[in-house]
2 protein chains.
Amino acid sequence: MSILSGKVPVMSLRHALLGLLANRSASGYDLLKAFETSLANVWPATQSQVYGELGKLSAEGLLDVTAEGPRGRKEYSITTSGRTELRHWLVEVEPERVRRSGMLLRVFFLDTLDPAEARDYLAAQAAAAAGTHAGLREVEANVEWDDSPLSMYGRIALEYGLRLSQVQREWAKWAAEQVAPPAQ
Amino acid sequence: MSILSGKVPVMSLRHALLGLLANRSASGYDLLKAFETSLANVWPATQSQVYGELGKLSAEGLLDVTAEGPRGRKEYSITTSGRTELRHWLVEVEPERVRRSGMLLRVFFLDTLDPAEARDYLAAQAAAAAGTHAGLREVEANVEWDDSPLSMYGRIALEYGLRLSQVQREWAKWAAEQVAPPAQ
DNA sequence: AATGGACGTTCCTATTTCGACATGTCAATC
DNA sequence: GATTGACATGTCGAAATAGGAACGTCCATT
């Protein structure tokens, strides 16, 4: 597919669907649930996107409809070329780096505030990051981990979130002190 | 404006423009250059967006056209209500957290690869993050910092990038070791 | 038997973003 | 005087995103 068509879509929704279907076959509805739960904080998607993309993917031969169940349920399965495309994306396509940061955009314009306000803002950010970190710790404590690959990669993804929120908290705290000495 | 209209746009392009114009008046073209250079890695925007948004902002009274120069150049200046809106956004509107991460999406599907491949992928990510870090160090060394607020907030933003790439590198390295013991 | 809720798909509109195209002015240089 | 390149704005269409309306099926409970 990436050979046939001229423009390769950077969009990752299709690859998210391929990745989910690589583990087990599912209906659009099932996949939608996955986007609402496990993928909600990684790659959100809406109905229109999921059902639309499933249609395109099966038209391109990356998916097959392998069963039709009750209520018009269509069960999608990944095809060999679907697996090839997934693997290609995973290993060979370089991830586009994150380009937008609302937080940094704000930092750019903190110079329009006076230092005390800027310090307060940054302190609030540090507190927010600490809250995120605590939330993730709670998730970590409550999930039942086992020895499956899914658990392992879940732990690895969670660890990323933990480290990220930690560094945000430390940075915001440091930045607040740079801007103005802490209020006594 | 945020009082009058029912729905508050989350979009930050307008606030980026207000922030730039809070420091000095400029034309659309000038602002476009700012988006191509200093804001390129924080909040990218295209012509169509910039010119379109400038029109809306001045229609809403957040900006004024204070001068018309050669070649149809229009110089925009921020108004009092523009400053109010900027301040509101900076201080009171909570930043929407980052929701999408192509990197984490990939991690979710690394279980479709065998461990050795997954380890190699993560090692490549660690190397890429190290490269980013080195690039930022170079920027840090070459910029001429002074005592202006602009310099201070620039340093703070840069520090965020440095810490972020550092934590990405360390995490990817750690993750690779979790997935499979390092090859000798 | 009726009803409510989960299941399941399709279609619709609106907004944001991107990239490209179109148009034109001004200054310098060849 | 013609060409080039920086300056400067405007418009268009395609794609991605977001959210919801509409429709129907199956099942369990009342």
Side-chain angles (χ1 to χ4, degrees), chain A residues 5-17 20-21 25-37 39-60 63 65-76 96 98-102 105, chain B residues 5-17 20 25-37 39-60 63 65-76 96-102 105:
Chain A
S5 87
K7 57 164 61 179
V8 181
V10 264
M11 177 194 56
S12 301
L13 174 60
R14 57 199 299 109
H15 299 110
L17 288 169
L20 288 168
L21 290 168
S25 299
S27 70
Y29 192 82
D30 295 334
L31 295 165
L32 212 46
K33 293 298 153 193
F35 277 100
E36 284 170 7
T37 56
L39 286 183
N41 295 303
V42 178
W43 203 272
T46 59
Q47 288 150 320
S48 355
Q49 281 179 282
V50 170
Y51 284 112
E53 200 62 37
L54 284 173
K56 286 183 205 166
L57 285 167
S58 58
E60 290 169 21
L63 298 181
V65 178
T66 47
E68 308 228 0
R71 276 163 294 201
R73 175 193 171 96
K74 279 181 259 180
E75 186 156 281
Y76 290 94
E96 70 280 28
V98 176
R99 311 173 58 190
R100 279 194 163 79
S101 167
L105 184 61
Chain B
S5 88
K7 56 165 60 180
V8 181
V10 264
M11 179 193 55
S12 302
L13 173 59
R14 55 197 307 83
H15 300 110
L17 289 169
L20 287 169
S25 299
S27 70
Y29 191 80
D30 295 335
L31 295 164
L32 210 48
K33 293 300 154 190
F35 277 100
E36 283 170 8
T37 56
L39 286 182
N41 295 304
V42 178
W43 203 272
T46 58
Q47 280 159 317
S48 355
Q49 282 179 282
V50 170
Y51 285 113
E53 201 61 37
L54 284 173
K56 287 183 203 164
L57 285 168
S58 57
E60 290 168 21
L63 298 182
V65 178
T66 46
E68 306 227 0
R71 275 163 294 202
R73 175 192 172 97
K74 281 181 256 179
E75 187 155 280
Y76 291 94
E96 70 280 26
R97 67 184 185 335
V98 177
R99 312 175 57 189
R100 283 196 160 79
S101 166
L105 184 61

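Below, chain A is the first sequence line, B the second, and so on; all start at residue 1. Just the heavy atoms: all of them, side chains too, but no hydrogens, waters or symmetry mates, feed the values below.
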For [X] and [N], what is the distance between atoms [atom1] and [atom2] respectively, to the nearest whole Å?
{"X": "A:Leu54", "N": "C:dT10", "atom1": "CG", "atom2": "C1'", "value": "13 Å"}
{"X": "B:His15", "N": "C:dT16", "atom1": "NE2", "atom2": "P", "value": "12 Å"}
{"X": "B:Leu13", "N": "C:dT17", "atom1": "CG", "atom2": "C1'", "value": "10 Å"}
{"X": "B:Gln49", "N": "D:dA14", "atom1": "CD", "atom2": "P", "value": "18 Å"}
{"X": "A:Arg14", "N": "D:dT17", "atom1": "CZ", "atom2": "C1'", "value": "16 Å"}
{"X": "B:Glu36", "N": "C:dG19", "atom1": "CD", "atom2": "C1'", "value": "13 Å"}
{"X": "A:Leu17", "N": "D:dA16", "atom1": "CG", "atom2": "P", "value": "13 Å"}
{"X": "A:Glu53", "N": "D:dA15", "atom1": "CD", "atom2": "C1'", "value": "11 Å"}

>> Within the 4.5 Å heavy-atom criterion, are A:Thr66 and A:Tyr76 side-chain neighbours or not?
In response: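 Side-chain contact under 4.5 Å: no.
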>> Test of understanding: with side-chain contact (heavy atoms from CB on, under 4.5 Å), list the residues that count as partners of A:Ala26, not counting sequence neighbours.
In response: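 Here the qualifying residues are A:Leu21, A:Asp30, A:Leu31.
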> Looking at residues at least two apart in the chain, or sitting in another chain, which of them share a side-chain contact (heavy atoms from CB on, under 4.5 Å) with A:Ala34?
Replying inline: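 With neighbours one apart ignored, the set is A:Leu20, A:Ser38.
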> Quick one: salt bridge (charged side-chain N to carboxylate O under 4.0 Å, His left out) partners of B:Lys56, sequence neighbours excluded?
Replying inline: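 If we apply the salt bridge (charged side-chain N to carboxylate O under 4.0 Å, His left out) test to B:Lys56, skipping adjacent residues, there are no hits.
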> By salt bridge (charged side-chain N to carboxylate O under 4.0 Å, His left out), which residues pair with A:Glu68, not counting sequence neighbours?
Replying inline: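 A:Glu68 satisfies salt bridge (charged side-chain N to carboxylate O under 4.0 Å, His left out) with no other residue.
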Check: protein-nucleotides 8-13 of chain D nitrogen or oxygen pairs below 3.5 Å:
residue, atom, partner, partner atom, Å
D:dA8, OP1, B:Arg73, NH1, 3.0
D:dA8, OP2, B:Arg73, NH1, 3.0
D:dT9, OP1, B:Lys74, N, 3.0
D:dT9, OP2, B:Gly28, N, 3.2
D:dT9, OP2, B:Tyr29, N, 2.7
D:dT9, OP2, B:Tyr51, OH, 2.9
D:dT9, O4, B:Gln47, NE2, 3.3
D:dG10, OP1, B:Lys74, NZ, 2.8

> OP1, OP2 of C:dC18 versus side-chain N and O of A:Arg100: anything below 4.0 Å?
Replying inline: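 Result: yes.
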> Who are the side-chain hydrogen bond (donor to acceptor under 3.5 Å, both in side chains) partners of A:Ser48, not counting sequence neighbours?
Replying inline: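 So A:Ser48 forms no side-chain hydrogen bond (donor to acceptor under 3.5 Å, both in side chains) with any residue.
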